[in-house]
Amino acid sequence: MERSDSQYAQAKLAQLKSEYQVEVVADWGDGEGGWMPGGWARTELDRLHSAIDLMVEAMGGKEKFVHHLGGVTVRKSDIGTHGGEALAHRVSLSIKGAFSSWTVVHEFAHAWDANYGWRLSRQLEKYTGGFTSPFLSSILKATGLSDTERFRAGKIAGRFGRRPGCNRAGYFYGDRPSGSNWSFNRIEDFAESVAMYIGWERNNDLSQHASNRIVRYQLKNGEKDSFNIVDNWMDYARRFYPDNGDYTKTKRWQFIDDLITGRIAMD
Ligand SMILES: [Zn+2]
């Protein structure tokens with residue numbers, strides 16, 4: 001943060017706190033050696049605010065957002081190779097480089113799930129017909145039936161661990177998620193489903209990313225997607241590509257819609 005932006009930043013922080021109960025930990029200010037810029041850029045505060053607004057809008061207003069999240073403290077910190085991390089009432093964004101709107105929504109979705117004791121992701125797992133079984137997963141991996149190396153993800157096309165149960169967690173996802181890899185589990189599934197729901201065909205900051213997640217399954221095997229990943233897309237299309245390419249036809253889209261419109265209770 002530049003000193004010239006500090007007043008703007010203070011006003012933004014006050015607004016985020018009063019409207020959404022979101023507290024940004026300011027790491028900038030006057031220090032002994034003069035101005036300390038910290039890890040935040042002014043544009044990032046704007047991006048954070050816009051991404052929260054997208055969630056607020058999808059949830060049906062500020063009161064709902066505050067109720068679902070229960071207040072969140074956001075800080076920038078060194079969290080290794082991750083873009084972000086979240087627990088109930090706490091979101092950390094990587095100090096290394098700028099974060100995307102997608103990452104903000106993904107991490108806030110974790111904070112929402114965590115505020116309900118991680119039960120929302122369990123509800124999603126059940127609703128979409130999935131289950132978690134490390135035992136079954138280990139059989140797939142041991143017998144060479146998984147799209148991985150033995151007991152770990154590979155680094156080449158067709159070996160990233162995208163098939164159901166072929167991930168670290170032994171998560172057998174049901175229906176069609178927008179993607180899956182070695183790190184996939186019901187918690188990541190929930191966060192990605194929220195981001196997909198908010199971005200899908202709404203012409204907002206998440207929409208291009210959401211579209212990119214789906215259109216790649218129309219690529220040929222060995223082609224590179226917009227995330228710079230080469231994979232055997234045709235082989236995976238039936239697990240991920242929704243009917244007519246319409247993500248609103250998936251159980252995940254329906255689940256998030258039911259959740260925020262109150263047709264499904266958050267228990
Ligand atoms: Zn995550």
Side-chain angles (χ1 to χ4, degrees), residues 22 24 44 47-48 51-52 54-55 58-59 65 68-70 72-128 130 132 134 137 153 160-162 164-200 205-206 208-210 212-214 216 225 227-229 240 247 250 252-253 255-256 259-260 266:
V22 170
V24 175
E44 289 181 309
R47 189 172 304 136
L48 175 72
I52 291 170
L54 293 179
M55 286 188 91
M59 286 175 167
F65 175 85
H68 295 335
L69 278 290
V72 180
T73 299
V74 186
R75 54 171 49 91
K76 276 217 158 193
S77 56
D78 188 352
I79 47 177
T81 54
H82 299 149
E85 279 179 9
L87 294 167
H89 317 294
R90 277 171 49 181
V91 165
S92 299
L93 297 166
S94 175
I95 200 92
K96 294 173 189 159
F99 54 80
S100 66
S101 306
W102 188 273
T103 296
V104 173
V105 171
H106 177 106
E107 299 306 333
F108 272 72
H110 280 321
W112 176 20
D113 189 17
N115 193 36
Y116 286 82
W118 306 102
R119 290 186 299 276
L120 304 182
S121 47
R122 285 181 181 273
Q123 283 180 279
L124 169 82
E125 178 179 39
K126 196 172 165 195
Y127 185 102
T128 53
T132 301
S137 174
F160 297 123
R162 301 198 192 282
C166 301
N167 40 57
R168 188 190 292 115
Y171 178 47
F172 291 76
Y173 56 81
D175 197 52
R176 294 179 191 187
S178 62
S180 177
N181 60 24
W182 184 249
S183 305
F184 205 50
N185 55 38
R186 62 176 169 245
I187 286 172
E188 294 309 322
D189 196 355
F190 178 78
E192 286 297 280
S193 297
V194 169
M196 281 297 294
Y197 176 87
I198 291 177
W200 185 255
D205 288 351
L206 306 190
Q208 187 61 55
H209 188 122
N212 289 345
R213 291 289 294 264
I214 298 300
R216 57 189 176 162
D225 74 357
F227 304 101
N228 272 325
I229 298 168
F240 301 112
Y247 185 75
T250 65
R252 277 166 184 73
W253 189 93
F255 173 77
I256 302 298
L259 200 61
I260 61 183
M266 298 176 205

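Fair warning: this is a prediction, and the values are worked out from it, not measured in the lab. Counting starts at 1 for both ligands and their atoms, following the listed order. FYI, side chains are in, hydrogens and waters are out, and symmetry mates aren't considered; it's all heavy atoms of this structure.
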Under-4.0 Å salt bridge between Glu85 and Arg90
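So Glu85 does not pair with Arg90 through a salt bridge.
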Salt bridge flag under 4.0 Å for residues Asp189 and Arg252:
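Here Asp189 pairs with Arg252 in a salt bridge, since their nearest N and O are under 4.0 Å apart.
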Which angle, to 10 degrees, forms at the Zn ion (ligand 1) with OE1 of Glu188 on one side and NE2 of His110 on the other?
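It comes to 110°.
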Regarding His82, does it place an N, O or S atom less than 2.8 Å from the Zn ion (ligand 1)?
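Not a single backbone or side-chain N, O or S atom of His82 is under 2.8 Å from the Zn ion (ligand 1).
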Who are the ring pair (Phe, Tyr, Trp, His ring centres under 6.0 Å) partners of Phe240, not counting sequence neighbours?
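Tyr173, Tyr217.
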Determine which pairs satisfy ring-ring contact (aromatic ring centres under 6.0 Å, His included) with at least one residue from residues 81-102, sequence neighbours left out, and list them in order.
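Those involving residues 81-102 are Trp40-Phe99, Trp102-His209.
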What N/O/S atom of His106 gets nearest to the Zn ion (ligand 1)?
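So the atom name we want here is NE2.
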